[in-house]
Amino acid sequence: MATIPSRELELSLLKRTQDRYGAGSVLPVSAAKVPTLQMCCVGGIDEVGRGAIAGPLAVGVAVIDGTEGEPPAGLTDSKQLTPRRREAMFDELSAWPAAWAVGMASAEEIDKEGLTPALRIAAFRAFKVLGEQGFSPRLLLLDGSFDYLSAPTDLFADASADQPAPATSASSQMQIPREVTTVVKGDGKSVVIAAASVLAKVTRDRLMSNLSDPGYGWAKNKGYASAQHLQAIAQLGLDSSHRLSWNLQGVSSASLARAWQVRREKRVQPPIVFSTQKG
């Protein structure tokens, strides 16, 4: 039976933001198209795709500000919902938060920067879009036990000079102080984390299903190491969408070299962020 998360934690944090900043407080910013940022809101964050061997990482951020009402019935950790149930819930769920965004970090960025920096890249891409929509949550609930959002800003100091540091370009608000609370198994305890979990999962699943596929079965395995996926790699070799630094067993050096070459020849894709906002 699925665990239905409560709203107690995020509602208490929402009250704290209102006490700290005052209900309706806003932060002026310089961008003309976004004159103010709403600070009296709370963000829930979850990631999808950490364990995949192909495709991007996705970090979902759902924002509540006290105006959203009750969440969709049955909302819980995305892993406890069937694919059909997640899809059925998506439209209703996407209209529930005050705003939401799913930021992506590509397989190429994972290979170049490492897994933890790539999570941060994806998260701050989502924050940037939320800021453009007028939301800048100060209090964040992050699924898991590790706070990758507050990692040192010099994680990207070793990036090559001819490659822009993605996390820096991903958000003009990186220096805005944010209070991060990690919640182990948070997607089963916090409704706003659960919302981020489902939004990120469905968004990434749809992206993987729409990838050009020479026979790896992206639509079915979503980039994870299923038996069929591994068999396809043995037959077809690696694709540039695979995480080439992960040194999969049974992959020849020639196949790996070809995949790296194809990636170098491909045009760099722009950062991908999916989002919406009520109203």
Side-chain angles (χ1 to χ4, degrees), residues 29 37 39 41-63 78 99-133 135-184 186-187 190 192-193 195-197 199-201 203-204 207 223 241 243-246 268-275:
V29 295
L37 286 175
M39 294 187 295
C41 52
V42 172
I45 304 168
D46 201 4
E47 53 79 19
V48 177
R50 182 194 296 262
I53 62 174
L57 279 169
V59 175
V61 184
V63 177
S78 66
W100 65 269
V102 176
M104 302 279 181
S106 69
E108 181 175 6
E109 289 170 321
I110 296 167
D111 289 332
K112 181 175 182 290
E113 307 291 352
L115 191 62
T116 297
L119 284 167
R120 196 163 185 259
I121 288 169
F124 277 93
R125 283 178 175 152
F127 288 148
K128 180 177 185 293
V129 170
L130 289 171
E132 291 169 354
Q133 294 180 348
F135 290 88
S136 181
R138 295 299 121 118
L139 302 184
L140 303 171
L141 293 172
L142 176 63
D143 183 59
S145 60
F146 175 61
D147 176 12
Y148 56 81
L149 297 175
S150 301
T153 55
D154 64 353
L155 276 174
F156 305 95
D158 293 332
S160 59
D162 60 343
Q163 293 287 336
T168 301
S169 61
S171 177
S172 60
Q173 304 172 55
M174 285 191 65
Q175 302 307 316
I176 293 177
R178 304 178 192 272
E179 182 180 327
V180 179
T181 299
T182 57
V183 185
V184 176
D187 41 13
S190 161
V192 73
I193 295 178
S197 170
L199 291 166
K201 175 64 174 169
T203 299
R204 185 183 183 277
L207 184 149
S241 293
R243 299 176 186 177
L244 304 182
S245 62
W246 286 32
V268 176
Q269 297 298 310
I272 303 174
V273 184
F274 300 85
S275 69

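Every value quoted in this text rests on a predicted model; they were computed, and no experiment measured them.
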Exercise. Does the pair V183 and S190 meet the rule for a side chain to side chain contact (heavy atoms under 4.5 Å, CB included), with working shown?
Worked result: CA-CA 8 Å; V183 185; S190 161; 5.5 Å; no
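- Looking at heavy atoms from C-beta onward, V129 lies in side-chain contact with S275 at the 4.5 angstrom threshold.
- When side chains are defined from C-beta on, L115 does not count as touching Y148, because their heavy atoms never get closer than 4.5 Å.
- Taking the side chain as every heavy atom from C-beta outward, L57 and E109 never approach each other to under 4.5 Å.
- In this structure, D143 contributes its side chain and G186 its backbone to a donor-acceptor pair below 3.5 Å.
- Scanning all heavy atoms of the two residues, the minimum distance from A196 to G60 falls at CB-O, 3.4 Å.
- Here the options are L130, V102, L199, the test is side-chain contact (heavy atoms from CB on, under 4.5 Å), and the partner is V61; only L130 passes.
- S197 contributes no side-chain N or O that, together with a main-chain N or O of D46, makes up a donor-acceptor pair within less than 3.5 Å.
- With hydrogens and angles disregarded, a donor-acceptor distance shorter than 3.5 Å links the side chain of R120 to the backbone of L149.
- Without hydrogens or angle criteria, D111 side chain to S245 main chain gives a donor-acceptor distance under 3.5 Å.
- Summarising the geometry, atom CZ belonging to R243 is positioned 13.5 Å from atom CD belonging to E108; distances are rounded to the nearest 0.5 Å.
- K128 has its side chain out of reach of V273: every pair of non-hydrogen atoms, C-beta onward, lies at least 4.5 Å apart.
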Exercise. After noting the C-alpha distance and the side-chain angles of V59 and E47, does the key distance pass the side chain to side chain contact (heavy atoms under 4.5 Å, CB included) rule?
Worked result: CA-CA 4 Å; V59 175; E47 53 79 19; 4.0 Å; yes
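- Judged by distance alone, with hydrogens and angles left aside, the side-chain atoms of R178 form no donor-acceptor pair with the main-chain N or O of L139 at under 3.5 Å.
- Here the CG atom belonging to L141 is positioned 12.0 Å from the CG atom belonging to D187, to the nearest 0.5 angstrom.
- The closest donor-acceptor contact from the side chain of R125 to the backbone of I272 lies at 3.5 Å or more, if one exists at all.
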Exercise. Step by step, would you call T203 with W100 a side chain to side chain contact (heavy atoms under 4.5 Å, CB included)?
Worked result: CA-CA 12 Å; T203 299; W100 65 269; 4.3 Å; yes
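- For the atom pair CZ of R50 and CD1 of I110, the computed distance is 10.5 Å after rounding to the nearest 0.5 Å.
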